[in-house]
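Sequential numbering from 1 along the given sequence is applied to the chain's residues. Whatever order the structure lists them in is the order used to number ligands and atoms, beginning at 1.
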Amino acid sequence: MEDIKNIKSVDKVAEEILEWGHAHGIKSAFDRADSLKPCPIGHTGACCKICFMGPCRLVGPDAEETAAGVCGATLPVVSSRNFLRMCAAGTAAHSDHARDMAFTLLEASTGEAPDFQIKDVKKLKRVAGILDIPIEGKTTGQIGKEVAEKIIENFGRQKGEVSYVKRAPKKRQEIWKKWGVTPRGIDREVCEAMHRTHMGVDQDPENLMMAAVKVSLADGWGGSMFSTDITDILFGTPEPVHSTASIGVMKGDEVNVVLHGHEPTLAEMIVDVSSEPELVAYAKGKGANGINLVGMCCTANEVLMRHGIPTAGGFLNQELSIMTGLAEAMIVDVQCIMPAVAQVAKKFHTKVITTSLKGKMIDAIHIQYDEHRAKEVAREILRLACDNYPNRTTEGSRVSSFKPLIAGFSHEYIEYMQGGSFRGSFRPLNDAIMAGRIRGVVGVVGCNNPRIMQDSFHNYLATEFIKNDILVVSTGCGAASCAKAGYMTPETALEMAGPGLREVCEAIGVPPILHLGACVDNSRILTIATQMVEEGGLGDDISDLPAVGIAPEWMSEKALAIGVYFVASGMYVIFGSESPVEASSVVKKIKTELWEKRFGGKLEFINDPKEIFEKTLAAIDKKRDALKLKKYEQGKFGAERVLMTMEDRRKLEKEQAAS
Ligand code: XCC
Ligand code: SF4
């Protein structure tokens with residue numbers, strides 16, 4: 001029997017490489033997580049290092065009542081302050097990415113960034129409409145410029161509200177107004193969060209946690225949503241696309257280039273130029289059969305959604321992809337890039353190339369990305385990767401298995417797939433939920449974390465949900481987990497899905513786990529939830545929907561901001577692993593009981609996947625009851641079909657077609 005204790009990942013290919021690494025003395029985050037236990041004080045939110053009288057560690061019996069920092073800050077203050085800072089950092093990350101996207105749109109529109117074009121004019125016009133920008137008689141460039149300027153203005157806006165707040169259901173907007181958490185400008189909220197958490201400013205845990213709500217809303221209904229829209233405008237709104245997932249997508253006989261990070265601009269250019277005959281010939285001149293692009297983390301999701309570029313996986317696969325010995329170059333920009341990659345790369349021939357002024361790395365090569373000469377930079381990078389091919393010492397491919405997948409489910413496509421160009425709507429989905437064919441919808445999203453067996457929570461939850469007729473939407477590294485496991489195809493997953501969900505997916509021809517994109521694209525889930533509310537039959541606010549958001553293997557501050565904006569939007573949100581505010585029962589109560597009272601959503605941290613699963617089912621059924629929907633009965637719909645294999649089904653279809 002396998003020794004489960006030593007298994008770090010349910011991703012078989014990752015596990016293979018880890019074993020190889022161990023045999024060759026090469027360590028990764030998996031090993032470092034083993035030898036470096038988290039500081040038990042910081043882990044639970046009981047350490048304050050906000051000023052230099054500290055760090056103050058508020059521990060001991062009855063710490064919540066009796067402990068205080070040098071300044072007198074109590075445990076609830078310290079832990080809510082830490083929590084707010086994490087949310088502010090998460091919002092800053094997504095939103096700074098969005099700002100770069102907005103400037104690219106501006107320069108694409110004015111012709112200053114000639115390598116970029118507006119690909120989705122229809123979406124541009126729709127966004128202009130949302131932003132109250134008249135489009136009559138204007139060129140695409142003019143509209144693009146005005147849209148970009150209006151979005152850029154949202155970052156530095158001092159008064160009023162972030163423009164996309166009005167996209168939320170009316171009732172939701174009222175709730176935010178009532179509690180004073182409607183975000184004004186994105187930067188203003190981040191700045192204010194940093195100010196409030198400076199030594200000696202906000203000392204009321206409830207007030208601090210409400211600021212966490214406000215700054216996180218500036219992410220979900222601000223930065224992230226802007227980023228999704230602009231990326232669609234510039235590079236096209238995703239539609240279903242076939243691809244593959246695994247570290248095994250690296251090829252033994254081609255120049256492998258790993259596109260890692262978050263901003264899609266340079267990656268898009270690299271995709272564009274990689275098929276230029278001169279570059280392909282250049283690669284061949286170095287003895288390779290061509291150039292093979294593979295994605296990593298959220299850049300992977302961006303280029304997968306729009307171009308079907310295979311994904312080598314999420315966060316925890318970054319070092320492993322280098323350990324294959326097959327990566328000629330890893331191109332990185334911002335966020336979730338482990339400093340360790342440059343160190344691992346030293347043991348191989350891989351060149352790590354940083355491209356953003358915001359994210360440099362010792363021991364990496366820096367090639368500055370510049371949107372004014374984007375393709376030139378992209379070509380320079382690919383040539384460098386090709387030049388490195390002759391330095392490869394690994395023969396053939398160390399790993400080669402991968403799984404097929406379908407990605408590309410934008411909210412626009414999900415609407416379209418339910419009725420076509422003219423009758424696209426969320427009616428069929430709402431109807432299916434109302435009838436009990438689909439029990440509810442769950443977002444299984446977020447990171448990997450080496451403190452949890454890689455992908456184990458993601459994959460367990462996603463498959464258990466679909467077995468129970470729950471439609472799963474996924475983004476970020478969670479989506480990569482399901483993709484690598486092969487769950488993102490109609491065939492494989494429909495063999496697992498409950499009969500009701502299976503029937504719906506078969507009718508539309510989609511997998512029961514939908515890949516919605518990168519982490520900024522969690523904003524698509526907000527849009528879908530709003531459209532479901534507007535379609536009718538499922539209440540008049542997001543908090544009425546039988547839906548739950550889960551980040552089972554989270555690690556990033558961005559994940560926390562996402563979790564909080566979902567709670568503030570009315571959703572029950574569950575994170576795996578321990579709570580970063582575990583030390584304070586006061587703060588724990590705020591993020592559950594108080595938030596639930598005010599926003600209809602709450603944030604819980606649960607370390608047991610089975611418990612996450614059960615609580616999710618209970619929450620969904622409770623929402624169904626509140627909506628007075630038909631009781632969900634397992635096996636009621638399509639029961640006879642569930643016994644049929646796909647092969648039987650195809651045979652039957654053939655027979656039906658013949659008769
Ligand atoms: Fe990073 Fe976006 Fe988390 Fe993955 S899911 S570890 S934030 S790459 Ni975005
Ligand atoms: Fe300690 Fe207060 Fe300074 Fe925090 S702000 S480090 S609790 S003295």
> Just to confirm my output: which protein heavy-atom neighbour is closest to atom 4 (Fe) of ligand 1, and how far is it?
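The protein heavy atom lying closest is Cys477 SG, 2.2 Å.
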> Please state which protein non-hydrogen atom is closest to atom 3 (Fe) of ligand 2 and give its distance, to 0.1 Å?
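Result for atom 3 (Fe) of ligand 2: Cys51 SG, 2.3 Å.
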> Take the angle between the ring planes of Phe465 and Phe613 and call it parallel below 30°, perpendicular above 60°, tilted in between.
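Tilted: the ring planes of Phe465 and Phe613 meet at 30° to 60°.
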> Answer yes when Lys615 and Glu604 have at least one side-chain N-carboxylate O distance shorter than 4.0 Å, and no when they do not.
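Salt bridge between Lys615 and Glu604, a charged N being under 4.0 Å from a carboxylate O: yes.
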> Measuring from non-hydrogen atoms of Met555 to any atom of ligand 1, is the shortest distance under 4.0 Å?
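Yes; Met555 lies near enough to ligand 1 that a heavy-atom distance drops under 4.0 Å.
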> Among Pro450, Cys336, Ser577, whose side-chain contact (heavy atoms from CB on, under 4.5 Å) with Met555 holds?
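With Met555 as partner, side-chain contact (heavy atoms from CB on, under 4.5 Å) holds for just one option, Cys336.
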> Considering only the protein, which heavy-atom contact is closest to atom 2 (Fe) of ligand 2, and what is its distance?
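Of the protein heavy atoms, Cys71 SG, 2.3 Å lies nearest.
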> Find all atoms of ligand 2 within a distance of less than 4.0 Å from any non-hydrogen atom belonging to Gly69, and give their numbers and elements.
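This gives 7 (S) as the contact atoms.
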> Ion pair present between Asp219 and Lys558, side-chain N to carboxylate O less than 4.0 angstrom?
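Not counted as a salt bridge, because no side-chain N and carboxylate O are separated by less than 4.0 Å.
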> Show me which atoms of ligand 2 lie under 4.0 Å from any heavy atom of Met199.
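Going through ligand 2 atom by atom, the ones under 4.0 Å from Met199 are 5 (S).
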> Any salt bridge between Glu16 and Lys12, counting N to O under 4.0 Å?
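Not counted as a salt bridge, because no side-chain N and carboxylate O are separated by less than 4.0 Å.
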> Under 2.8 Å from atom 1 (Fe) of ligand 2, can any N, O or S atom of Cys48 be found?
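Short answer: no, not a single N, O or S atom is under the cut-off.
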> Are Val13 and Lys484 packed together at the side-chain level, in the sense that at least one heavy-atom pair is separated by less than 4.5 angstrom?
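Contact flag for Val13/Lys484 side chains = no.
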> Which ligand 2 atoms are under 4.0 Å away from a heavy-atom of Cys56?
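Contacts of ligand 2 toward Cys56, numbered from 1: 1 (Fe), 6 (S), 7 (S), 8 (S).
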> Would Arg306 and Phe235 count as a cation-pi pair here, with the cationic atom under 6.0 angstrom from the ring centre and within 45° of the axis?
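No, Arg306 does not lie over the aromatic ring of Phe235.
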> Could you see which bit of Cys447 sits under 4.0 Å from ligand 1, with heavy atoms only: side chain, backbone, both or neither?
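Contact part for Cys447 vs ligand 1: both backbone and side chain.
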> Using a cut-off of 6.0 Å, state whether more than 12 heavy atoms not belonging to His366 lie near its atom NE2.
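Counting neighbours around NE2 of His366, more than 12 heavy atoms of other residues, nucleotides or ligands fall under 6.0 Å, so yes.
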> Using a 4.0 Å cut-off to any heavy atom of Cys297, which atoms of ligand 1 qualify?
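Those qualifying, in numeric order: 8 (S).
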> Are Lys602 and Tyr572 in a cation-pi contact, defined as NZ or CZ under 6.0 Å from the six-membered ring centre and within 45° of the axis?
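Here Lys602 passes the 6.0 Å and 45° test against Tyr572.
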> Numbering the atoms of ligand 2 from 1, which are under 4.0 Å from a heavy atom of Met53?
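By the 4.0 Å cutoff, the relevant atoms are 8 (S).
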> Only heavy atoms count here, so choose which of Ala559, Cys519, Gly261 is nearest to atom 5 (S) of ligand 1.
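The option holding the nearest heavy atom is Cys519.
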> Report the part of Ser556 in contact with ligand 1, treating N, CA, C, O as backbone and CB onward as side chain, heavy atoms under 4.0 Å; options are side chain, backbone, both, neither.
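The answer is the side chain of Ser556.
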> Less than 4.0 Å between a side-chain N and a carboxylate O, is that true for Glu64 and Lys588?
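Answer for the salt bridge query: no.
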> Among all protein heavy atoms, pick the one closest to atom 1 (Fe) of ligand 1 and tell me residue, atom and distance.
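The closest one turns out to be Cys336 SG, 2.3 Å.
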> So, Cys298 and atom 2 (Fe) of ligand 1: N/O/S under 2.8 Å, yes or no?
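True for Cys298.
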> Decide yes or no for Ile247 and Thr324: does some side-chain heavy atom of the first lie under 4.5 Å from some side-chain heavy atom of the second?
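The answer is yes; the side chains approach within 4.5 Å.
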> Give the numbers and elements of all ligand 2 atoms closer than 4.0 Å to a heavy atom of Gly54.
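Counting from 1, the qualifying ligand atoms are 6 (S).
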> What do we get for Arg81 next to ligand 2 when only non-hydrogen atoms under 4.0 Å count, side chain, backbone, both or neither?
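Side chain only; the backbone of Arg81 stays clear of ligand 2.
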